[in-house]
Amino acid sequence: MFDSLSDRLTGALKDLRGKGRLSDADIDRTAREIRLALLEADVSLPVVRAFIARIKERAKGAEVSQALNPAQQVVKIVNEELVGILGGETRRVQFAKNPPTVIMLAGLQGAGKTTLAGKLGHWLKQQGHTPLLVACDLQRPGAVSQLQIVGERAGVPVFAPDPGTSIGQTGDLGTVSHGDPVAVARAGVAEARDHHYDVVVIDTAGRLGIDEELMGQASDIREATQPDEVLFVVDAMIGQDAVATAEAFQSGVGFTGVVLTKLDGDARGGAALSVREVTGQPIMFASSGEKLEDFDVFHPDRMASRILG
Ligand code: GDP
């Protein structure tokens, strides 16, 4: 991801090298190339417009610096603005003062929620937490057992209804009504409280497209469990659609942070660069593969450096 954007941006900025002073025309030309590079990378148009306006304004008004030549100064500005659209500071999970901390995952089917639940569980364990995964995707066939497999791999227990019965038996973990994801979510949180799990990760159902039932269900789970964090999980490969999806989840469910998945893909990366600006919510984690370890806290500064090569 970002390879071609990265090439284009470094190319545009390289042209400025060796110039003693930058004219407004130099800056305009560079800004145009950056604009094209961002649009080609599928960054949403309003985000590109605002970004370019800021770059131009700052580059034209830049103080003459002793330490940096004009080209370096523009690179610095572009870097800072990229960090800005990626969210600025690293945003960390807000853990509840009174455990359990509840983290709810929401997003379209196939976005990578179930995979993420395992990764998050694994990561939380590494951080010294005792997480419990809760299987509330009762829509997609196999989602519950997929979460159980992922949990096993991560060494994290899973609270889930038994798929074979109407009143589900969850092994040692209590009994809930099968088929009612809100009840499962509520029971999962109670289970965590009773057995001293300090973080609950709730996997929820997704649909192939946005629909009201999905939003209603996710919203009901949010209402019932009052999560400390609602993470909107989005496949970075879906390009521009990521923005529309994010907006729909923002108004339908609401979320406190974004997780970008499939950053290992060869898509152009515009989703990653748009979602923060469009929703105002920070990107908190990035997932870049199918293994448990292909996952990390999202650092805007590191991502900007990676993009600028
Ligand atoms: P869910 O429907 O949102 O729960 O999505 P899943 O967790 O089932 O993921 C859908 C597919 O994407 C699965 O085949 C996952 O293995 C795959 N997947 C999830 N995250 C990543 C990732 O970061 N990179 C890649 N390459 N594949 C991923």
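When a ligand or atom number is given, it counts from 1 through the structure's own listing order.
The protein heavy atom nearest to atom 2 (O) of ligand 1 is Gly110 N, 2.7 Å. Protein heavy atom at the shortest distance from atom 22 (C) of ligand 1 is Gly289 O, 3.2 Å. Closest to atom 4 (O) of ligand 1, if we only count protein heavy atoms, is Thr114 OG1, 2.7 Å. Scanning all protein heavy atoms for the shortest distance to atom 11 (C) of ligand 1 gives Lys262 NZ, 4.0 Å. Glu290 OE1, 2.7 Å is the protein heavy atom nearest to atom 16 (O) of ligand 1. Given atom 5 (O) of ligand 1, the protein heavy atom at minimum distance is Gly112 N, 3.0 Å. Ranking the protein heavy atoms by distance from atom 13 (C) of ligand 1 puts Thr115 OG1, 4.4 Å first.
Remark: side-chain polar atoms of Asp294 are not paired, donor with acceptor, to backbone N or O of Ser287 under 3.5 angstrom. Put simply, the side chain of Gln250 gets close to the backbone of Thr279: a donor and an acceptor are under 3.5 Å apart. Here the side chain of Asp198 pairs a donor or acceptor atom with the backbone of Thr130 at under 3.5 angstrom. Side-chain N or O atoms of Glu81 include none that pairs as donor or acceptor with a backbone N or O of Val78 at under 3.5 Å. No side-chain donor-acceptor contact under 3.5 Å links Ser274 to the backbone of Val243. For Gln240 (side chain) and Asp42 (main-chain N/O), a donor-acceptor pair under 3.5 Å exists by modelled atom type. A side-chain donor-acceptor contact under 3.5 Å links Thr261 to the backbone of Ala111.
Taking every heavy atom of Lys113 and a limit of under 4.0 angstrom, the matching atoms of ligand 1 come to 1 (P), 3 (O), 4 (O), 5 (O), 7 (O). The ligand atoms of ligand 1 that sit less than 4.0 angstrom from a heavy atom of Ser287 are 22 (C), 23 (O). Taking a cut-off of under 4.0 Å to the non-hydrogen atoms of Ser288, the atoms of ligand 1 that pass are 23 (O). Counting the atoms of ligand 1 from 1 in the order shown, those under 4.0 Å from a heavy atom of Ala111 are 3 (O), 5 (O). Numbered from 1 in the order shown, with element, the atoms of ligand 1 that lie under 4.0 Å from a heavy atom of Gln146 read 6 (P), 7 (O), 8 (O).
Contact annotation for Asp264 and ligand 1: only side-chain heavy atoms (C-beta onward) come within less than 4.0 Å of the ligand. With a heavy-atom cut-off of 4.0 Å, Ala143 does not touch ligand 1 at all. Contacts with ligand 1 closer than 4.0 Å are made by backbone heavy atoms (N, CA, C, O) of Leu108 only, the side chain lying farther away.
In this structure, Gly107 falls outside the shell of residues with a heavy atom less than 4.0 angstrom from ligand 1.
Taking the six-membered ring for Trp, Phe249 and Phe255 have ring centres at least 6.0 Å apart. Checked against a 6.0 Å centroid threshold, the rings of His129 and Phe95 count as neighbours.
The pair Lys60-Asp28 counts as a salt bridge, with a side-chain nitrogen and a carboxylate oxygen less than 4.0 angstrom apart.
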